Amino acid sequence: MTDQEESFDIVIVGSGGGGLTAALAAHAAGLKPVIMEKQSFVGGSTGMSGGMLWIPDNPLMQADGIKDSYQDGLDYLQAVIGEPDEPSSAARRAAFLANGPRMISFLQEQGLKLFRCAGYPDYYDNYPGGSAAGRSVEGIPWDGRQLGRWRPRIIAGLGRGVGLAVTTNEIHTLYSFTHTLASFLTTARVVLRTYVSRMRGQDLFTNGMSFAGQLTKILLDCGVPIWLDTAVEELVVEGGRVVGVRAVRNGAPTLIRGRRGVLLAAGGYERNPEMRLKYTAATQPNDGRWSWGNPGNTGEVLAAAIALGAKTEYMDEAIWILTPRQEMGGSTLTIARNYPHAIFVNTRGQRFVNESNSYVEVGRAMYANDGAPCWLIFDDAYRRSVPWLNKMPRLRDLAKAIPGRIPRQWLADGWIKQAGTIEDLARLTDLDPRALADTVRHFNAGAAAGTDPDFGRGVSEYNRHLGDPGHKPNPALGPVADPPFYALPIYPGDVGTMGGVVCDEHARVLDNDNRPIPGLYAAGNMAASVFGRTYPGAGASVANTTVFGYIAARHMAGAG
Ligand SMILES: Cc1cc2nc3c(=O)[nH]c(=O)nc-3n(C[C@H](O)[C@H](O)[C@H](O)COP(=O)(O)OP(=O)(O)OC[C@H]3O[C@@H](n4cnc5c(N)ncnc54)[C@H](O)[C@@H]3O)c2cc1C
């Protein structure tokens, strides 16, 4: 059967942050882009995510008089990532830092409404160039009804899971609503916002859903085509240049040409168990079973680029998220590592990392140390201090939100182990009782005074920010001393893979001889990250995909 054929200036594969931003930048530059998305929903992991974007020296910081600069951003990347390599080359770091603020201004001019996540520190704010005031921005709570018939076509985001119209900047505060007046007032504001908007018949999109929803609305208003249920299967090459893709559209094989090029923004391969196992075999096999990433991110487009000769890097790397159990994402147990009275230990019963640091760092340490899983150990003071929920209860079940009410089933089925002494807890978990008791004793001596001489937990503003605001002397540290004690395994979950094709500073895909493959661009988790194997701040990944999507579109338009 002959293919149907359609022609555009830019063919964009994937409707996550990189795809949506690139389409808007291309349209604004006078080009005709098309977005192809294989799922029935727009947004990808970007839409499902917290939706923060980490952009040094962004215009919202400037408007609020927050001190930052290109040079501070550069110093910070150097301090966190270390020496440049190919995916995180000096030129790519410079491109990210120079284009990030421009992209934010551009998106605002196009009508995207953002707010500054005031006080959400960089993950290493205590490093040179780090910012304790924070460099993240996020989409405002936005009424999805503006999308009309496209409203149900935006992928469900983080706030939907919680059942509240909560921004990512607010979410951690919900766990401490009985601890400080500030947390109580924030929680009250979120609950009020949720119920008032419902009474008004609004459908508030927050987090990544706000970002993806707003951008979709702007694109639709501009007349940019977004083709859902359109799976790209092949890259089309003519005369050594990528000139388009083959996809199945409305059941028919279709050749879609891109006169200026093709942007691969199809996410990572976190949901492809074979690829995950293939690329993690040498480090530690992980088939992605704990991934929270978008189910559409199955890596076939990445495989097509590799088959074409694209070079790859960091293929065993992911944006690790320490995960207690698949359905417990974003729960009380996920935040335990940031709170006092809780530690991680390896299978030798020893701590191995600053538990409160970036999830990517902790996940890497889990791999580098003893392998996965590790154990979360906490005491009764932690149990009493937090609500044991990962979803807002219905009004008539509100009592469930009272801190301390750990569901009995979780203890009864043996998932969470409980014992009167640390030694007995060790016996239940096959850990060495003496080693675990030594670890806890040693940790407690520092924690009582608010210090962690071994790993420096609680030193950075970031550690303190995500800790218990009511806890003194350190919001991130408290002894594990109050019986009974509890333990459960923690797995290396992720929100996406971080390895992929190697690109240059214009987002052009490079071949194994470091030459751009003509016509081929990549952004987001399709490409090896500009941040190397690190994660510098809240929203680094959405920033990475959007900024390089923006750069790619402008380069194809001859503007960048
Ligand atoms: C629950 C959760 C919370 C997160 N929180 C944050 C956060 O707060 N900040 C942050 O920076 N990062 C966060 N992340 C990670 C971040 O969302 C992702 O790493 C990032 O959004 C990836 O963007 P992308 O554009 O590369 O891919 P995606 O946004 O996943 O988009 C890729 C799209 O391509 C589509 N696609 C795949 N294959 C094909 C094909 N063959 N044909 C057509 N379409 C295809 C996919 O279906 C998908 O829609 C979070 C992720 C999750 C899941």
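Only a predicted model underlies this, so the values are computations on that prediction, with no experimental measurement involved. Atoms within a ligand are numbered from 1 in the order they appear, just like the ligands themselves.
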Answer yes or no for Asn294: is there a heavy-atom contact with ligand 1 below 4.0 Å? yes
Which is closest to [atom] by heavy-atom distance: [options]?
| atom | options | result |
| --- | --- | --- |
| atom 44 (N) of ligand 1 | Glu234, Lys38, Gln39, Glu233 | Lys38 |
| atom 4 (C) of ligand 1 | Gly19, Ser291, Gly208, Ser49 | Ser49 |
| atom 24 (P) of ligand 1 | Asn272, Thr545, Val248 | Thr545 |
| atom 53 (C) of ligand 1 | Phe211, Phe41, Trp227, Trp292 | Trp292 |

Considering both backbone and side-chain atoms of Gly268, is one of its nitrogen or oxygen atoms within less than 3.5 Å of a nitrogen or oxygen in ligand 1?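 So ligand 1 has no N or O lying under 3.5 Å from an N or O of Gly268.
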Parallel, tilted or perpendicular: which one describes the rings of Trp227 and Phe8, with boundaries at 30° and 60°?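 It falls in the perpendicular class, over 60°.
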Can a salt bridge be assigned to the pair Arg257 and Glu5 using a cut-off of 4.0 Å between side-chain N and carboxylate O?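 Glu5 and Arg257: salt-bridged.
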Any Lys/Arg nitrogen of Asp122 or Arg135 sitting under 4.0 Å from an Asp/Glu carboxylate oxygen of the other?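 Salt bridge present between Asp122 and Arg135.
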Can we call the ring centroids of Trp320 and Tyr367 under 6.0 Å apart?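 Yes.
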Part of Tyr269 with heavy atoms under 4.0 Å of ligand 1, whether side chain, backbone, both or neither: neither
Please list, in number order, the atoms of ligand 1 under 4.0 Å from a heavy atom of Gly43.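 Listed by number with element, the hits are 29 (O).
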Here the salt bridge (Lys or Arg N to Asp or Glu O under 4.0 Å) pairs for residues 210-221, sequence neighbours left out, are Lys217-Asp221
